[in-house]
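Comments concern the structure below.
Chain A is the first sequence line, chain B the second, and so forth, proteins listed ahead of strands; every chain is numbered from 1. Values below: every heavy atom of this structure, side chains too, minus hydrogens, waters and symmetry copies.
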Protein chains: 2
Amino acid sequence: MRVSDKHSKITQAAVKVFARKGFFNARISDIAKEAKVADGTIYLYFNNKYDILISLFEDEIGKIIHQVKLLLEREDDPCKKLHIFARHHLLLLEEKKDLAEVLQMELRQSNKFMKEYRNTKFIEYIDIISAIIHQGQDMGIFSKNISPGIAKRAIFGALDEMSRLWVLADAPHYTIEETATQVCNLFLHGLKNPLAH
Amino acid sequence: MRVSDKHSKITQAAVKVFARKGFFNARISDIAKEAKVADGTIYLYFNNKYDILISLFEDEIGKIIHQVKLLLEREDDPCKKLHIFARHHLLLLEEKKDLAEVLQMELRQSNKFMKEYRNTKFIEYIDIISAIIHQGQDMGIFSKNISPGIAKRAIFGALDEMSRLWVLADAPHYTIEETATQVCNLFLHGLKNPLAH
DNA sequence: CGAACAAAAATGAATATCTATTCATCTTAG
DNA sequence: CTAAGATGAATAGATATTCATTTTTGTTCG
């Protein structure tokens with residue numbers, strides 16, 4: 001078996017176990033069992049338990065960034081770009097439920113217990129949103145009153161909270177497509193009724 | 001010393017310690033030391049470590065709900081109500097940084113590791129937002145195309161993500177007032193430039 | 001071809017540490 | 001003087017990490 005195979009086998013197992021039990025309640029031996037590997041083997045590929053989580057973030061968010069950037073570069077309209085981003089973010093729930101769950105629940109904690117770790121991949125991810133907003137403003141489609149630095153966080157936060165609904169609720173009320181569209185419309189047109197005086 | 005004094009002394013200490021180290025890394029002995037109480041004393045007031053966290057949620061979110069409802073009932077305009085809610089949510093960061101941090105970081109995890117615990121107080125909190133949206137729709141000010149069930153989560157998610165920025169960053173770029181206003185405007189008017197064709 | 005060997009990889013039992021919880025004992029209040 | 005409240009040392013269980021040993025892999029040479 002190639003080295004990289006075992007590395008990714010362990011990563012995949014860790015995603016499953018972290019999703020099921022959360023980082024702190026997950027035992028190394030759980031991950032080892034899931035990966036069909038001895039406990040000690042994990043330490044040949046990772047320095048410690050935190051390292052598994054961090055390395056998982058870097059790799060998987062890296063892939064997501066790559067994918068969504070590919071989708072976005074084929075589109076010009078910032079409104080449609082926003083929709084693509086929202087849809088892609090939420091679709092992760094369908095395609096890789098465990099991964100979505102881990103990123104959702106554990107990512108937020110990570111900065112807390114690993115003070116030294118600066119999550120640059122995460123920054124790169126949300127900066128995709130601010131780039132879209134900037135583009136929209138330059139094209140005159142989006143209002144210049146809006147701070148892209150605030151809007152990028154607001155939009156990411158909104159999408160991520162919708163994710164949380166799926167992760168925690170067993171039978172969510174809305175479909176993913178419906179939600180992506182609704183959230184996009186909300187951010188594009190706002191709550192205000194255009195027909196009102 | 002009255003019983004309730006010791007209960008709340010321990011709760012306050014737990015808030016500080018959870019904020020500093022996170023729930024899992026916090027030791028009971030840390031909380032005991034912070035509360036100037038023996039380790040065993042904690043078990044006279046709480047069943048176990050989880051119970052401290054849950055009881056803290058219930059109590060503190062309860063107070064927040066009470067406060068913000070008081071503020072809201074004096075106002076009629078749903079737009080202004082939304083602003084009051086946003087401002088109040090973010091102001092917690094200034095007034096009770098540790099508490100904000102614990103609610104921000106640990107609340108999300110709680111449903112995960114305590115499967116049986118349904119956070120009804122949290123539901124009650126975000127339902128304040130959907131009530132505002134409903135009212136706005138009934139008054140014809142807000143568009144009927146928007147699902148209050150989705151919008152409440154989107155708005156809460158956006159605000160909470162802004163909180164996270166403050167909790168993690170040492171020197172945030174924006175003031176709380178500025179942020180509350182920006183986020184509200186974004187949700188009220190959307191990204192789209194009204195001057196564009 | 002395959003036997004012999006060395007290096008690399010993998011194993012999992014043992015270690016070392018950590019900490020939530022208990023409870024026999026002591027202190028305080030009424 | 002008693003009962004409620006508080007104490008903190010001892011217990012019991014858990015588990016991340018190590019490392020002596022075993023297994024696998026790849027290479028050399030008769």
Side-chain angles (χ1 to χ4, degrees), chain A residues 1-59 102 105-106 109-117, chain B residues 1-58 102 105-106 109-110 112-117:
Chain A
M1 180 175 279
R2 289 197 343 277
V3 163
S4 65
D5 281 350
K6 201 146 270 190
H7 188 281
S8 96
K9 238 178 108 179
I10 294 170
T11 303
Q12 294 315 307
V15 168
K16 272 193 188 161
V17 177
F18 288 157
R20 194 160 58 234
K21 314 183 101 179
F23 176 78
F24 284 103
N25 290 318
R27 272 163 288 165
I28 291 290
S29 60
D30 292 332
I31 298 172
K33 188 187 276 185
E34 180 74 42
K36 287 177 188 145
V37 138
D39 293 19
T41 306
I42 290 180
Y43 290 88
L44 299 174
Y45 295 90
F46 301 90
N47 296 323
N48 51 48
K49 200 179 163 187
Y50 289 155
D51 191 34
I52 303 176
L53 188 63
I54 292 178
S55 139
L56 185 163
F57 282 163
E58 303 275 330
D59 294 354
V102 173
M105 307 295 272
E106 314 295 338
Q109 295 271 88
S110 64
N111 295 56
K112 191 62 177 300
F113 56 78
M114 297 170 288
K115 289 287 187 192
E116 75 285 1
Y117 173 55
Chain B
M1 179 175 281
R2 287 194 345 275
V3 162
S4 64
D5 280 350
K6 200 148 273 191
H7 188 281
S8 95
K9 238 178 108 179
I10 294 170
T11 303
Q12 294 316 308
V15 168
K16 272 194 189 159
V17 176
F18 288 156
R20 193 161 57 234
K21 312 182 103 180
F23 176 78
F24 283 103
N25 291 317
R27 272 163 288 168
I28 291 290
S29 60
D30 292 332
I31 298 172
K33 189 188 273 185
E34 180 74 43
K36 286 176 188 144
V37 139
D39 292 18
T41 305
I42 290 180
Y43 289 87
L44 299 174
Y45 294 91
F46 300 89
N47 296 324
N48 51 48
K49 199 180 163 186
Y50 290 155
D51 191 36
I52 304 176
L53 188 63
I54 292 178
S55 139
L56 183 163
F57 283 164
E58 303 275 329
V102 173
M105 307 296 273
E106 313 294 339
Q109 295 271 90
S110 64
K112 191 63 175 301
F113 58 78
M114 296 170 288
K115 290 285 185 191
E116 76 285 3
Y117 173 56

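Using a 4.5 Å heavy-atom threshold, the side chains of Tyr45(A) and Thr11(A) count as separate. Contact annotation: the side chain of Val102(B) approaches that of Leu53(B) to within less than 4.5 Å [non-hydrogen atoms, C-beta and beyond]. Counting heavy atoms from C-beta outward, Lys33(B) and Arg27(B) have side chains that stay 4.5 Å or more apart.
Residue Tyr45(A) places its side chain closer to dA10(C) than to any other of dA10(C), dG8(D), dA16(D). Among the nucleotides dG12(C), dG5(D), dT17(D), the one closest to the side chain of Ile28(A) is dT17(D). Closest to the side chain of Asp39(B), from the set dA10(C), dG8(D), dT7(D), is dG8(D).
Protein atom CG of Leu44(A) is 18 Å distant from nucleotide atom P of dT22(D), rounded to whole Å. To the nearest angstrom, C1' of dT17(D) lies 12 Å from CG of Asn47(A). Residue Asn25(B) contributes atom CG, which lies 12 Å from atom C1' of dC18(C) at whole-angstrom precision. We find that NZ of Lys33(B) is positioned 13 Å from P of dA9(D), with the value rounded to whole Å. Spacing between atom CZ of Phe24(B) and atom P of dT15(D) amounts to 12 Å, rounded to whole angstrom units. Asn48(B) has its CG atom 14 Å from the C1' atom of dT19(C), to the nearest Å. Whole-Å rounding puts the Ile42(A) CD1 to dT18(D) P distance at 13 Å. In this structure, CZ of Phe23(B) is placed 13 Å from P of dT19(C), rounded to the nearest angstrom.
In terms of heavy atoms, Lys9(A) sits closest to Lys36(A) at NZ-O, 4.2 Å.
Dashed line: the shortest gap from a side-chain N or O of Tyr43(A) to OP1 or OP2 of dA10(C) is not under 4.0 Å. Using a 4.0 Å cut-off, some side-chain N or O of Thr41(A) falls inside it from OP1 or OP2 of dT11(C). Between Lys6(B) and the phosphate of dA6(D), there is a side-chain N or O to OP1/OP2 separation shorter than 4.0 Å.
Using cut-offs of 30° and 60° for the angle between ring planes, the Phe23(B) and Tyr50(B) rings count as parallel.
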